[in-house]
Amino acid sequence: KKASKILAATLAASTPPRSVSGPRGRLAPMEETWSQGLPCFGSVRPAPSRLSPSVERCAEGGGSGNRSIRPSCGCCTKGCCCDAAGEGSAAGRRRGRYNDEALLRLLHKSPYIGFCRHAPPSPTLKFSRNIDAAAAPELDLPPGDCEDVLEGFLENFPADVWAAILSHVAELAAIPRLSVIAKSFHEALLLPWAWQGSVVRIDAPALPRLAPLLGHWAAAWVRASKLVVPRSKQLQEELTRLLPSVPQEVAWRFDAQAAGEGLEVIRSGVAVRRIADGDVVVLGDAPIIATTGRPPYIEVRLEEFEEGPSGDGVNEFGIGFTACDPTKLEEIGSVAAEVPNSWVVDFTRTMVCLSVENCEEARSYHACSTSLAMGDRVGLRIAPEDEAIEVYINGHLCDRLRPSPGHRVPKDAHLYPVLDLFGRATMVARTGREAPEP
């Protein structure tokens with residue numbers, strides 16, 4: 001509280017300069033409040049200037065205007081699964097002049113409080129602590145021939161037969177489709193043997209509706225091999241309480257707090273879309289899972305990919321890895337290769353080139369953007385034998401780019417995804433695949 005009060009008094013007494021140094025050394029005019037659309041002054045991200053007495057009283061009362069990177073919101077970070085698109089902070093960054101009420105909202109929503117990143121608080125997920133009281137989803141299915149034929153199948157067939165059948169299709173996203181076939185299928189999916197040895201993937205958009213019923217489904221997942229969940233402290237703690245013996249993995253999503261002004265993170269972080277020509281770099285919100293026998297792999301699908309020439313007509317999108325934690329970045333950069341500690345493969349019309357620390361390390365002509373089309377999957381994998389960057393198109397190995405020994409990816413590094421959307425690529429979505437699959 002004392003630090004917040006001192007910070008508020010210092011900023012209130014300061015007089016903003018007439019101009020500041022913007023990205024790449026360009027000078028930009030500055031209003032009495034911090035400039036709209038300008039993410040950094042010089043080399044640091046700014047705090048709002050000229051806090052009014054009402055805002056100082058808010059700081060004295062222990063408001064949200066602290067200088068922590070991660071707020072004590074009881075959830076994960078921005079981009080939590082219950083935060084549909086992280087739109088609050090984006091709206092706060094687009095405001096021009098602020099009155100007292102707007103500044104109070106800024107203290108709660110802006111990712112640039114003080115000189116560190118923080119995330120806006122996420123809504124509390126409503127888990128049911130009483131499993132018996134949490135009503136199972138009710139299905140209003142019209143009777144039909146299919147229902148009559150399937151009636152009694154659960155009793156007539158052994159459980160291991162149903163386990164063998166449902167193990168091929170049992171996944172969270174398929175539950176509504178399977179339940180429509182017959183009510184008995186819905187009942188079977190609530191039994192543990194239907195999920196035995198399977199990977200349960202909980203997608204962020206489904207979590208708000210799933211949370212009240214998580215106790216019912218958790219009882220069915222006791223034999224699952226692992227749980228793949230979005231980054232959410234609430235969800236991870238609840239699953240640890242319900243399923244302490246089932247391992248969890250955090251699946252990365254596009255981080256709205258680590259995205260340029262020219263991008264919009266949508267579908268709860270599953271996809272990102274270009275909305276302007278500048279500042280089109282985005283990072284993931286969690287490290288890529290890498291274990292023994294499972295090298296780091298990322299894959300995105302080209303959801304929107306223009307057919308004709310775009311941009312400069314030569315350079316296209318870039319995709320790669322970075323060992324830099326997004327929460328510690330002071331400036332994202334204008335291209336993915338400018339992100340510190342990064343290994344980025346840039347697609348052009350005639351080739352692909354590997355940039356390490358924004359310097360070209362290797363190039364090859366086996367893969368390029370000319371043959372890509374909307375719907376194609378583009379993936380990168382770090383080869384375990386020689387640390388080469390392998391390029392996959394629709395699950396097929398198309399190229400290998402090998403950096404010099406002094407610029408290879410450290411084996412013990414925590415790697416985050418990093419992308420930029422230039423050229424014809426205007427929207428991409430993560431696929432969630434752990435390895436290349438044709």
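Just so you know, these numbers use all the heavy atoms, side chains as well, and skip hydrogens, waters and symmetry mates.
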- request: Give the intermediate values and the outcome of side chain to side chain contact (heavy atoms under 4.5 Å, CB included) for residues Arg377 and Asn394.
  value: CA-CA 5 Å; Arg377 294 179 286 115; Asn394 295 324; 3.8 Å; yes
query: Within the distance-only criterion (no hydrogens, no angle test), does the side chain of Thr370 pair as donor or acceptor with the backbone N or O of Arg349 below 3.5 angstrom?
result: yes
- request: Take Val265 and Asp255 through the test side chain to side chain contact (heavy atoms under 4.5 Å, CB included) and record every step on the way to the result.
  value: CA-CA 7 Å; Val265 177; Asp255 190 351; over 6 Å; no
Side-chain touch Leu283/Val281, heavy atoms, less than 4.5 angstrom: yes
task: Grab the two heavy atoms, one from Ala425 and one from Phe317, that are nearest each other, plus how far apart they are.
output: CB-CD2, 3.8 Å
message: Quick check: do Asp346 and Phe422 have side-chain heavy atoms less than 4.5 Å from each other?
response: no
message: Restricting to non-hydrogen atoms, name the atom on Ala258 and the atom on Ile332 that form the minimum distance, rounded to 0.1 Å.
response: C-CD1, 3.5 Å
task: With rounding to the nearest 0.5 Å, note down the distance linking CH2 in Trp221 to NZ in Lys226.
output: 15.0 Å
message: Has Ser342 got a side-chain atom pairing as donor or acceptor with Phe321's backbone, closer than 3.5 angstrom?
response: no
query: Angle class for the Trp217/Trp195 ring planes (parallel below 30°, perpendicular above 60°, tilted otherwise)?
result: perpendicular
- prompt: Do Arg402 and Arg408 have side-chain heavy atoms sitting under 4.5 Å apart?
  reply: yes
Arg433 side-chain N/O to Tyr297 backbone N/O, donor-acceptor pair under 3.5 Å: no
- prompt: How long is the span from the CD1 atom in Ile175 to the CG atom in Leu210, to the nearest 0.5 Å?
  reply: 8.0 Å
task: State the OH-OG1 distance between Tyr365 and Thr348, to the nearest 0.5 angstrom.
output: 8.0 Å
field: Asp412 side, atom CG; His414 side, atom NE2 - distance, nearest 0.5 Å
entry: 7.5 Å
message: Given 3.5 Å as the limit, does a donor-acceptor pair link the side chain of Asp203 with the main chain of Pro205, or not?
response: no
Validation row: Arg381, Leu397 side chains within 4.5 angstrom (heavy atoms): no
- request: Report yes or no: does Arg430 contribute a side-chain atom to a donor-acceptor pair with the main-chain N or O of Gly269 at less than 3.5 Å?
  value: no
- prompt: Out of curiosity, Glu338 CD to Glu331 CD, how far, rounded to the nearest 0.5 Å?
  reply: 7.5 Å
Check: Ile289 and Arg294 side chains under 4.5 Å, non-hydrogen atoms: yes
message: Quick one, Trp343 and Glu361 - any side-chain contact, counting heavy atoms below 4.5 Å?
response: no
query: Tell me, do Val409 and Ile389 make a side-chain contact under 4.5 Å, heavy atoms counted?
result: yes
field: More than 12 heavy atoms from other groups under 6.0 Å of CE on Met351
entry: yes
field: Glu306, Glu316, Glu304 screened by salt bridge (Lys or Arg N to Asp or Glu O under 4.0 Å) with Arg424, the one that passes
entry: Glu316
- prompt: What are the two closest non-hydrogen atoms of Ser225 and Pro247, and how far apart are they?
  reply: O-CG, 3.2 Å
- request: Give a yes or no answer on whether the side chain of Glu357 reaches the backbone of Asn341 with a donor-acceptor pair at less than 3.5 Å.
  value: yes
- request: May I ask you to say whether Lys411 pairs ionically with Glu387, meaning some side-chain N is under 4.0 Å from a carboxylate O?
  value: yes
Heavy-atom donor-acceptor pair, Thr426 side chain to Leu421 backbone, under 3.5 Å: no
message: I'd like to check Leu214 versus Leu239 (side-chain heavy atoms, cut-off strictly below 4.5 Å). Are they in contact?
response: yes
message: Side chains of Ser198 and Glu171: any donor to acceptor distance under 3.5 Å?
response: no
task: Supply the atom-to-atom distance Leu242 CG to Leu227 CG, rounded to the nearest 0.5 angstrom.
output: 10.0 Å
query: Okay, side chain of Asp420, backbone of Ala336: is any donor-acceptor separation there less than 3.5 Å?
result: yes
task: For residues Val246 and Val222, report the shortest heavy-atom separation together with the two atoms involved.
output: CG2-O, 3.8 Å
message: Ignoring hydrogens, what is the shortest heavy-atom contact between Glu299 and Thr431? Give both atom names and the distance.
response: OE1-OG1, 2.9 Å
- line: All heavy atoms of Ala337 vs all of Ser355, minimum pair found to be CB-CB, 4.0 Å
message: Is there a side chain to side chain contact (heavy atoms under 4.5 Å, CB included) between Asp376 and Phe305? Walk through the geometry before answering.
response: CA-CA 9 Å; Asp376 285 345; Phe305 197 72; over 6 Å; no
- request: Classify the ring geometry between Phe254 and Trp252 as parallel (under 30°), tilted (30 to 60°) or perpendicular (over 60°).
  value: perpendicular
query: When you look at Val345 and Val378, which way does the side chain to side chain contact (heavy atoms under 4.5 Å, CB included) test go after all the steps?
result: CA-CA 11 Å; Val345 175; Val378 179; over 6 Å; no
